[in-house]
Amino acid sequence: MNEVLFTNIAQLVTPGAGVQRGAAMRELTVIPDAALLVSGGVIRWVGDRAQAPGTPHEHDLGGVAVVPGLVDPHTHAVWAGDRLADFEARVQGVPYEELLARGGGIRSSMRATGAAGVAELVNLARPRLQALHASGATTVEVKSGYGLDFGAELRMLEAVRALQADFALVPTLLIHVPPTEGRAKYVQAVCNELIPDVAQAGLASAVDVFCEKEAFTARETRAIFRAARAHGLPFKLHADQFHAIGGTELACELGALSVDHLEASGPAQIAALAGSGTVATILPGVTLHLGLPAAPGRALIDAGGAVAVGTDLNPGSSPVFSTALALALAVRLCRLTPAEALTAATVNAAAALGLSDRGALVPGQRADFLALQGPDWRELPYVLGGNPVREVWVGGQR
């Protein structure tokens, strides 16, 4: 094992290991003039540099702040085509229903993605993932969901598998949009064919469903969740983006990893999340890009919930290519404190993916960390437009 002591750290800042709820999200450990010992890709010791154990290998980080690597728990980074015409029309007031009637909207992304092969999808996704990585994301979740037909869904997941050679990715099978005809047969085929095939091939770590008035009902979602559980896959949910139709309560009842979006959540949904083990993942890029109400991050934390934050990187509703920017937007739009936002983007985002081995700079965790541009960690939630991250370290490797 190659043992390295990282020194000359102006501030080492970290939440505690594991999911943090409510007021605990504000409790960070801040160590000035710190050092960090890494061996075999794992943190072995953290503390005051004057008390650091001796080792022949040291690496000077240059007097900057160090924080855990960010975890992006919600992206759609694999897609083909673009939504630029939709964007131009929408800012001129064209309703989304009219965009769909023109052949735009999400179904335009589904046509383009469905027509693309695995190699093309890999080449398109790679620069997006490189941008997330440069912004501080050391682990990124990537969903399918733009395929509709099962072959396209499998190609998207195969593209994610290919990209795992270069990035730490968590693949998710997303059941995103129902067909315009044959809806009941489609849900049945998802449960009896697609999920078993994906599970057998090991192409996904979880199953996600979009539970919304224009997507899947709570009843359909329950059936899909049951199929996921029967094949050993955990599940999560897109819910309450436009309407609260019971998806959040269902997800909490059944023990989902996370419920994501939540812009339309009210007191009942906040209470359900706060009283459950399910992580509430907020996506402030959607609020910025679409002008939707912000997810109630402040109320969720005050109620005792565990909140995570992600980019929701996608071509239609959140073209956000920076995980650090999503963290900064959570402070401004969802009223998280800087400390809460750091926790939301690290250990809680990892928990939203079912991961407990990363997100905190404590012994036993993966040595995923960021060396920032300056000596104060608060630059991370403060900076807009620039990149507050100087170096990204994954498993102790730059």
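Residue indices begin at 1 and follow the sequence shown. The structure presented is a predicted model; accordingly, all values stated were derived computationally and were not measured.
Using a 4.5 Å heavy-atom threshold, the side chains of L12 and I9 count as touching. Contact check for E263 versus T287: side-chain heavy atoms found under the 4.5 Å cut-off.
Remark: E253 CD is packed, more than 12 non-hydrogen atoms of other residues, nucleotides or ligands lying under 6.0 Å away. Heavy-atom neighbours of R219 CZ from other residues, nucleotides or ligands within 6.0 Å: at or below the threshold of 12. Within a 6.0 Å radius of CZ in R332, other residues, nucleotides and ligands contribute more than 12 heavy atoms. Counted within 6.0 Å of CD on Q188, heavy atoms from surrounding residues, nucleotides or ligands total 12 or fewer; the atom is thus considered open. Within 6.0 Å of CZ in R378 there are 12 or fewer heavy atoms belonging to other residues, nucleotides or ligands.
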> Run the side-chain hydrogen bond (donor to acceptor under 3.5 Å, both in side chains) check on Q269 and E249 step by step: do they pass?
Replying inline: CA-CA 6 Å; Q269 292 75 40; E249 294 89 335; 2.8 Å; yes
>> The test is side chain to side chain contact (heavy atoms under 4.5 Å, CB included); show your working for L61 and E391 and say whether it passes.
In response: CA-CA 9 Å; L61 286 175; E391 296 172 3; 3.8 Å; yes
>> Could you go through V279 and V259, starting from their C-alpha distance and side-chain angles, then the distance that decides it, and tell me whether this counts as side chain to side chain contact (heavy atoms under 4.5 Å, CB included)?
In response: CA-CA 6 Å; V279 176; V259 180; over 6 Å; no
>> Set out, in order, the CA-CA distance, both residues' side-chain angles and the distance that settles side chain to side chain contact (heavy atoms under 4.5 Å, CB included) for L124 and R128, then state yes or no.
In response: CA-CA 8 Å; L124 290 168; R128 301 165 190 156; 3.8 Å; yes
> side chain to side chain contact (heavy atoms under 4.5 Å, CB included) between L37 and F6: does it pass, once the steps are laid out?
Replying inline: CA-CA 6 Å; L37 182 66; F6 293 88; over 6 Å; no
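A tilted orientation is assigned to the rings of H176 and H238, their planes being inclined by 30° to 60°. Note on ring orientation: taking the six-membered ring where Trp is involved, the planes of H59 and W393 are perpendicular (angle over 60°, cut-offs 30° and 60°).
Closest heavy-atom contact between V19 and A351: CB-CB, 3.9 Å. Across P171 and L169, no two heavy atoms sit closer than the pair CD-O, 3.7 Å. In plain terms, the two heavy atoms of L380 and A328 that are nearest each other are O-CB, 4.4 Å. Between C334 and P284, the shortest heavy-atom distance links the atoms SG-CB, 4.1 Å. Of all heavy-atom pairs spanning D376 and Q11, the tightest one is CA-OE1, 3.4 Å. The heavy-atom pair separating S322 from L132 by the smallest distance is N-CD2, 3.9 Å.
One hydrophobic cluster, built from ILVMFWY side chains closer than 4.5 Å, holds both W377 and L70. Note on V64 and L361: separate hydrophobic clusters, where clusters join Ile, Leu, Val, Met, Phe, Trp and Tyr whose side-chain heavy atoms are under 4.5 Å apart, directly or indirectly. Hydrophobic clustering (ILVMFWY, side-chain heavy atoms < 4.5 Å, transitive): L372 and V394 are in one cluster. With hydrophobic clusters built from ILVMFWY side chains whose heavy atoms lie under 4.5 angstrom apart, L283 does not share a cluster with V170. One hydrophobic cluster, built from ILVMFWY side chains closer than 4.5 Å, holds both L121 and M110.
Checking L157, I175, V160, V198 one by one against S144, the side chain to side chain contact (heavy atoms under 4.5 Å, CB included) holds for a single residue, L157. The only member of L203, L194, D208 that meets side chain to side chain contact (heavy atoms under 4.5 Å, CB included) when paired with L173 is L194.
Remark: side-chain polar atoms of R83 are paired, donor with acceptor, to backbone N or O of G105 under 3.5 angstrom. Looking at T343, its side chain does come within 3.5 Å of a backbone N or O of M25 through a donor-acceptor pair. Side-chain N or O atoms of T311 include none that pairs as donor or acceptor with a backbone N or O of A326 at under 3.5 Å. Judged by distance alone, the side chain of T172 and the main-chain N or O of L174 form no donor-acceptor pair under 3.5 Å. The backbone N or O of S39 lies less than 3.5 Å from no partner atom in the side chain of N2, so there is not a single donor-acceptor pair. T7 contributes no side-chain N or O that, together with a main-chain N or O of R49, makes up a donor-acceptor pair within less than 3.5 Å. A donor-acceptor contact shorter than 3.5 Å links the side chain of N314 to the backbone of D312. Panel note: side chain R366, backbone G396; no donor-acceptor pair is recorded below 3.5 Å. A donor-acceptor pair is defined here as one N or O able to donate and one able to accept, closer than 3.5 Å; such a pair exists between the side chain of Q92 and the backbone of E88.
Put simply, CD on Q365 and CD1 on I43 are 6.5 Å apart, with the number rounded to the nearest 0.5 Å. With rounding to the nearest 0.5 Å, the separation of OG in S258 from CD1 in I282 is 12.5 Å. Rounding to the nearest 0.5 Å gives a distance of 6.5 Å between CG of L5 and OG1 of T55. Atom CD of E141 is separated from atom NZ of K143 by 3.5 Å, given to the nearest 0.5 angstrom. Atom CZ of F242 and atom CD of E214 lie 9.0 Å apart (nearest 0.5 Å). Here the CD1 atom belonging to I270 is positioned 9.5 Å from the CG atom belonging to D240, to the nearest 0.5 angstrom.
No close placement of the W79 and Y146 rings is indicated, their centers lying 6.0 Å or farther apart.
Taking 4.0 Å as the cut-off between side-chain N and carboxylate O, R298 and E340 count as a salt-bridged pair. Between D86 and R102 there is no salt bridge, since no side-chain nitrogen of the basic residue lies less than 4.0 Å from a carboxylate oxygen of the acidic one.
Checked by atom type, the side-chain pair T138/R358 shows no donor-acceptor distance below 3.5 Å. Of the N and O atoms on the side chains of H289 and R90, at least one donor lies less than 3.5 Å from an acceptor on the other residue. A side-chain donor from one of T323 and D72 sits under 3.5 Å from a side-chain acceptor of the other.
The side chain to side chain contact (heavy atoms under 4.5 Å, CB included) search around V383 returns E379, P388, not counting sequence neighbours.
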